There are 2 protein chains.
Amino acid sequence: MIFELYRNRVNNYLNTLLTRQSALNEYMRYSVLAGGKRFRPILTYTTASLFDVELRQVDACAAAVELVHIYSLIHDDLPAMDDDDMRHNQPSSHKAFGEAQAILVGDGLQALAFEVLAGAKNIIPITRIKLLNLLASSAFDMADGQSIDLSVVSKNVDVDFLNKLHLKKTGALLGCSVKFGALLKPQIDKKDIDILSSFSEKIGLAYQIQDDVLDVLGSDQSLGKRQNSDLKKGKPTYPSLIGIEESKKAYKGLYGQGIEELSGLSVNATALIDLTNKIVRRDY
Amino acid sequence: MIFELYRNRVNNYLNTLLTRQSALNEYMRYSVLAGGKRFRPILTYTTASLFDVELRQVDACAAAVELVHIYSLIHDDLPAMDDDDMRHNQPSSHKAFGEAQAILVGDGLQALAFEVLAGAKNIIPITRIKLLNLLASSAFDMADGQSIDLSVVSKNVDVDFLNKLHLKKTGALLGCSVKFGALLKPQIDKKDIDILSSFSEKIGLAYQIQDDVLDVLGSDQSLGKRQNSDLKKGKPTYPSLIGIEESKKAYKGLYGQGIEELSGLSVNATALIDLTNKIVRRDY
């Protein structure tokens with residue numbers, strides 16, 4: 001299966017990035033190589049494949065978005081943040097090597113993401129600059145979204161507010177992952193980028209609602225972390241606002257809209273549609 | 001005074017970068033605009049001036065190194081790390097708006113540093129890539145250095161070990177600040193870069209030893225933070241290993257060596273020598 005190939009590819013690539021001689025490097029390996037769906041890198045490889053971009057050119061982009069994602073999980077799991085003690089079926093980073101080192105692992109991974117991308121010599125400089133700019137603004141929005149998320153615990157908010165929050169917290173980096181695949185093609189159509197942006201917004205929101213539904217319905221084992229953790233923390237979510245059934249309808253509808261929009265692309269989008277359909281069916 | 005001009009210039013520029021509509025932006029303003037010596041940006045402007053680089057081209061570099069420096073201070077001050085409750089004569093970020101938001105402010109500032117530099121349109125792409133690469137590897141080394149620093153609390157280490165630690169924790173970003181000024185000149189001599197690298201290593205180490213001496217001798221008011229905080233934490237430092245007087249000799253000697261090396265540059269280094277001499281005399 002092609003998605004499994006992408007997953008293995010990014011895992012191998014990530015493994016080659018973490019070879020320095022330091023304790024921090026070992027902590028990074030623990031957190032980065034623990035598994036995970038690698039959904040963001042797979043999105044990048046898949047989108048790039050639509051535009052016939054060579055896989056070798058995609059590696060640094062795929063690794064960079066995953067490194068930023070993993071740093072955000074490590075910081076989100078900290079006691080001062082979401083206080084989650086399990087991640088990917090193993091103790092969270094701060095449980096494994098203490099809060100201070102976990103903070104630094106996150107900090108170092110963010111730096112490493114930019115280093116990997118800035119050093120990707122097989123991507124022409126003008127494109128690399130665009131990618132670095134997008135990664136930076138997406139990472140900023142992600143932090144901003146997490147800041148808003150923490151500020152609304154136990155507060156009444158409406159669906160519009162949740163949408164805006166999710167677009168930053170989850171949508172920004174997902175959008176980056178998708179657009180990376182297209183920006184790697186130097187002569188990409190502006191219209192294709194716009195369609196992929198809109199597609200990303202739909203599936204970014206859908207992905208977060210689906211996560212929140214799975215947090216209620218999933219098992220600890222399949223999720224790799226504690227189930228029902230949002231509810232216990234008093235976090236407003238789609239399920240808490242409109243119920244499970246309506247939330248399911250909402251995310252399925254959004255995935256469907258995203259898929260429809262892909263028909264406007266100048267290239268055959270079958271691979272990205274297949275991936276999206278696979279995500280709709282996920283149970284973790 | 002030219003250094004005061006650089007300081008005001010980077011302060012004004014930083015002010016223009018923090019204008020988004022969000023709580024995180026306000027927290028960032030609190031931490032970034034609280035003052036501080038702006039030593040790193042001043043180093044960048046000063047080095048750039050040796051090579052006749054326009055000030056306008058230096059702004060993004062100067063801001064980026066300062067943003068990375070400030071993010072590192074915010075994270076270092078956290079209870080899980082150095083647990084310092086005062087910084088720049090005001091409550092540390094986590095005291096002002098809580099640990100979770102302080103972590104995110106640091107995360108967001110690191111992202112912003114890369115965004116500012118990647119978006120600096122008045123720097124040609126090939127140079128911007130070099131700068132981004134250096135900023136990323138320096139930020140990584142800084143986190144690695146802090147990780148080592150925390151791991152040796154209450155342990156016996158020797159001066160060689162301290163030197164290696166300081167070169168990462170303090171030297172990496174100082175070296176980045178100096179080299180930024182030179183890399184902005186597209187046709188810079190490799191020999192000049194090598195001399196500036198060696199100069200940075202000397203003054204990076206000197207700066208850290210001097211910080212540790214001031215931590216013992218300075219007042220809370222002049223330091224803007226609690227005095228004697230290293231000793232209380234059981235951190236090995238030059239003063240704790242070889243005493244105050246020998247430490248003073250060590251840092252003055254290193255600054256002197258750094259200044260001597262500048263005589264090998266292909267350009268007149270008077271401004272950078274003046275800056276270094278000013279730093280030798282600092283009391284905070």
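The structure displayed is predicted, hence computed values, not measured ones. Naming: A, B, ... by sequence-line order, numbering from 1 per chain.
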### Query
With B:Leu55, which residues qualify under side-chain contact (heavy atoms from CB on, under 4.5 Å), at least two apart?
B:Leu5, B:Tyr6, B:Arg9, B:Tyr45

### Summary
If one checks every heavy atom of A:Met28 against chain B at 4.5 Å, the contacting part turns out to be side chain

### Task
Just grab all the ring-ring contact (aromatic ring centres under 6.0 Å, His included) pairs involving residues 136-162 of chain B, residues at least two apart or on different chains.
none

### Query
Where is the tightest heavy-atom contact between A:Ala139 and B:Ala111, given as atom of each residue plus distance?
CB-CB, 3.9 Å

Tell me which donor-acceptor pairs, judged by distance alone and kept under 3.5 Å, run between chain A and chain B, one pair per line.
{"residue": "A:Ser22", "atom": "OG", "partner": "B:Asp144", "partner atom": "OD1", "Å": "3.1"}
{"residue": "A:His75", "atom": "ND1", "partner": "B:Asp107", "partner atom": "OD1", "Å": "3.1"}
{"residue": "A:His75", "atom": "ND1", "partner": "B:Asp107", "partner atom": "OD2", "Å": "2.7"}
{"residue": "A:Gln101", "atom": "OE1", "partner": "B:Ser147", "partner atom": "OG", "Å": "2.7"}
{"residue": "A:Gln101", "atom": "NE2", "partner": "B:Ser147", "partner atom": "O", "Å": "3.1"}
{"residue": "A:Asp107", "atom": "O", "partner": "B:Gln110", "partner atom": "NE2", "Å": "3.3"}
{"residue": "A:Asp107", "atom": "OD1", "partner": "B:His75", "partner atom": "ND1", "Å": "3.1"}
{"residue": "A:Asp107", "atom": "OD2", "partner": "B:His75", "partner atom": "ND1", "Å": "2.7"}
{"residue": "A:Gln110", "atom": "NE2", "partner": "B:Asp107", "partner atom": "O", "Å": "3.3"}
{"residue": "A:Asp144", "atom": "OD1", "partner": "B:Ser22", "partner atom": "OG", "Å": "3.1"}
{"residue": "A:Ser147", "atom": "O", "partner": "B:Gln101", "partner atom": "NE2", "Å": "3.1"}
{"residue": "A:Ser147", "atom": "OG", "partner": "B:Gln101", "partner atom": "OE1", "Å": "2.7"}

## Note on the structure
Interatomic distance, CG@B:Leu117 vs CG@A:Leu132, rounded to 0.5 Å, equals 9.0 Å

### Query
For A:Leu150 and B:Ala100, which heavy atoms make the closest approach, and how far apart are they?
CD1-CB, 3.6 Å

### Message
Under 4.5 Å from any heavy atom of chain B, what part of A:Leu78 do you find: side chain, backbone, both or neither?
### Response
side chain

### Query
With chain A, which of B:Leu131, B:Leu135, B:Ile148, B:Ile103 has the greatest number of heavy-atom pairs at distances under 4.5 Å?
B:Ile103

### Message
I need the minimum non-hydrogen distance between A:Ile126 and B:Pro125, along with the two atoms involved.
### Response
CD1-CG, 3.9 Å

### Query
Does anything in residues 103-135 of chain A pair up under ring-ring contact (aromatic ring centres under 6.0 Å, His included), and if so which pairs, sequence neighbours excluded?
A:Phe114-B:Phe114

